[in-house]
Amino acid sequence: MSNPKFKITNPEAIKLLNDIKSGAFLVPVKDWITRFKWFLVSGLVLAVLLIALAIGNAISRRNKPPVFLPPDLGTPVSTTGNAVKSDYEWIRQNIQDLSTDLPDPVIPPFDNSIDLESDNI
Amino acid sequence: MNLIRFTFFAVFLLVVSFFTSSLVLADAKSDYDYQYSQYRTGYSEFVILKQDYLNTSSLDNQQKAMLSAKQTILARDLAKASLNWYLMDRIASYNVDYNPIKPVITSLDTARQYFLGQAQKSQSIITQEDLKKFTQGYLTTITENDSLIKFGIVVNKIAALVRIQTDSAIALDAIIPKLSTPIPSALAARIQELKDSSEIIDGKIDLLANNLNLADAIAESVNEIFFTSRVEKLVEIRELQLDWINRLIDIDINYVQPQI
């Protein structure tokens with residue numbers, strides 16, 4: 001059984017292999033990184049912050065502070081239903097209704113000097 | 001059979017008189033409102049016609065002003081008579097028999113008759129000279145009759161206070177027999193206090209009523225403090241009555257009414 005041996009003959013592939021071996025392949029990548037390093041740093045910082053916020057939010061949700069409520073006092077019950085009433089409330093009502101304003105009724109103005117001579121109109 | 005018919009007829013008359021009496025009570029106020037509105041309308045017309053006459057003294061303007069003056073005088077005196085009747089009606093509605101206010105009630109009726117007489121007399125006015133004489137005569141007698149209205153207004157309030165005193169006294173008399181005997185000394189003391197307070201209030205009402213000096217009605221009525229000085233007394237008596245009834249109701253609730 002023969003052992004087949006491959007030999008790369010494509011010049012482009014040979015060049016690519018040589019570039020990989022020599023590290024020349026990484027040169028454009030390094031150039032790009034160097035060119036946009038501040039953008040990359042800023043993006044990295046932003047990503048770290050967003051991740052930190054997400055983590056903080058998740059932690060805070062898990063550890064909610066305890067809520068303290070006042071004890072239940074129950075519903076107030078009206079006590080006016082069984083109040084005792086006097087038979088003489090109407091006298092009190094009459095006194096309260098009595099107006100002490102004077103004059104009541106008001107005396108309207110009347111002209112007692114009706115004639116055709118005086119100029120008092 | 002005739003007896004039954006007569007009985008039915010008597011009951012019918014009783015029912016009719018009951019309803020008509022309440023209508024008469026309502027009439028005093030509505031009559032006064034109507035008469036006064038007639039006077040207001042008549043007077044505003046008279047003022048215009050008199051001004052026309054004073055500006056242009058024509059016979060036509062004089063006749064118009066004279067007719068309007070007669071109508072206005074009639075409406076004025078009928079309105080005053082109605083006001084007196086209205087006051088008398090209100091005083092009578094309290095149904096009190098209280099001697100100190102009786103002279104004022106009589107004077108109110110006399111003044112009412114005077115106003116009705118003047119209203120009738122005004123219709124005999126024909127000339128401008130008649131009108132002048134009528135008004136001159138009217139002015140010499142009107143002050144006293146007008147002043148009585150003020151007295152009537154105060155008496156109306158006094159009658160209301162007396163009614164309350166009467167009702168309060170009846171209430172106390174009704175409560176005492178309902179108290180369990182022997183009456184505890186503290187409760188007996190409270191009842192005695194009520195009786196003493198009632199006498200004090202009666203005395204204050206008497207003082208207010210006896211201070212209405214009809215003999216000097218004109219001088220009294222023109223006094224600026226005629227009403228204001230009496231308002232203070234009314235307020236004081238009303239407060240005492242309110243305090244009195246509060247104490248009575250407290251006894252009624254705690255010692256008479258069944259406790260729930």
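In what follows, every heavy atom counts, from backbone to side chain, and hydrogens, waters and symmetry copies are set aside. Bear in mind that the values here come from a model prediction, so they are computed numbers and not experimental data.
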Is the backbone N or O of Glu117(A) less than 3.5 Å from a side-chain atom of Lys132(B), with the two atoms forming a donor-acceptor pair by type? no
Nearest non-hydrogen partners of Ala160(B) and Leu98(A), listed with the distance: CB-CD1, 3.6 Å
Do Phe226(B) and Pro103(A) have side-chain heavy atoms sitting under 4.5 Å apart? no
How long is the span from the OG1 atom in Thr228(B) to the CG atom in Leu102(A), to the nearest 0.5 Å? 9.5 Å
What residue in Asp77(B), Leu131(B), Ile237(B), Leu83(B) has the most heavy-atom pairs under 4.5 Å with chain A? Leu131(B)
Taking atom CD of Glu144(B) as the centre, report whether more than 12 heavy atoms of other residues, nucleotides or ligands fall under 6.0 Å from it. no
How long is the gap from CG on Asn112(A) to CZ on Arg76(B), to the nearest 0.5 Å? 5.5 Å
Do other residues, nucleotides or ligands put more than 12 heavy atoms under 6.0 Å from the NZ atom of Lys233(B)? no
Does atom CZ of Arg40(B) have more than 12 heavy-atom neighbours, drawn from other residues, nucleotides or ligands, at distances under 6.0 Å? no
Can you check whether Phe110(A) and Phe115(B) have ring centres sitting under 6.0 Å from each other? no
Just wondering, more than 12 heavy atoms not from Gln96(A) lying within 6.0 Å of its CD? yes
With chain B, the option among Ile95(A), Ile107(A), Thr100(A) that has the most non-hydrogen atom pairs under 4.5 Å is Ile95(A)
With only heavy atoms counted, which part of Gln136(B) is less than 4.5 Å from chain A, the side chain, the backbone, both or neither? neither
Between OH of Tyr88(A) and CG of Leu248(B), what distance do you get to the nearest 0.5 Å? 7.0 Å
Between Lys50(B) and Asp115(A), does the side chain to side chain contact (heavy atoms under 4.5 Å, CB included) criterion hold? Intermediate values first, please. CA-CA 9 Å; Lys50(B) 180 179 174 180; Asp115(A) 59 28; 3.4 Å; yes
Let me know if Ile249(B) has heavy atoms under 4.5 Å from chain A in its side chain, its backbone, both or neither. both
If you take all heavy atoms of Leu116(A) and Leu54(B), which pair is closest and at what distance? O-CD2, 3.5 Å
Are there more than 12 heavy atoms of other residues, nucleotides or ligands under 6.0 Å from atom CG of Leu53(A)? yes
Let me know if Asp167(B) has heavy atoms under 4.5 Å from chain A in its side chain, its backbone, both or neither. both
Tell me which one of Asp250(B), Ile253(B), Ile175(B), Ile245(B) satisfies side chain to side chain contact (heavy atoms under 4.5 Å, CB included) with Ser86(A). Ile253(B)
Pairs touching residues 84-108 of chain A that satisfy salt bridge (charged side-chain N to carboxylate O under 4.0 Å, His left out), sequence neighbours left out: Glu89(A)-Arg92(A), Asp104(A)-Arg90(B), Asp104(A)-Lys157(B)
Judged by modelled atom types alone, do Asp111(A) and Tyr43(B) share a side-chain donor-acceptor pair under 3.5 Å? yes
Look at Phe134(B), Tyr138(B), Trp244(B), Tyr39(B) and state which one has the largest set of heavy-atom pairs under 4.5 Å with chain A. Tyr39(B)
Main chain of Ser113(A), side chain of Thr135(B): is a donor-acceptor contact present, judged purely on distance under 3.5 Å? no
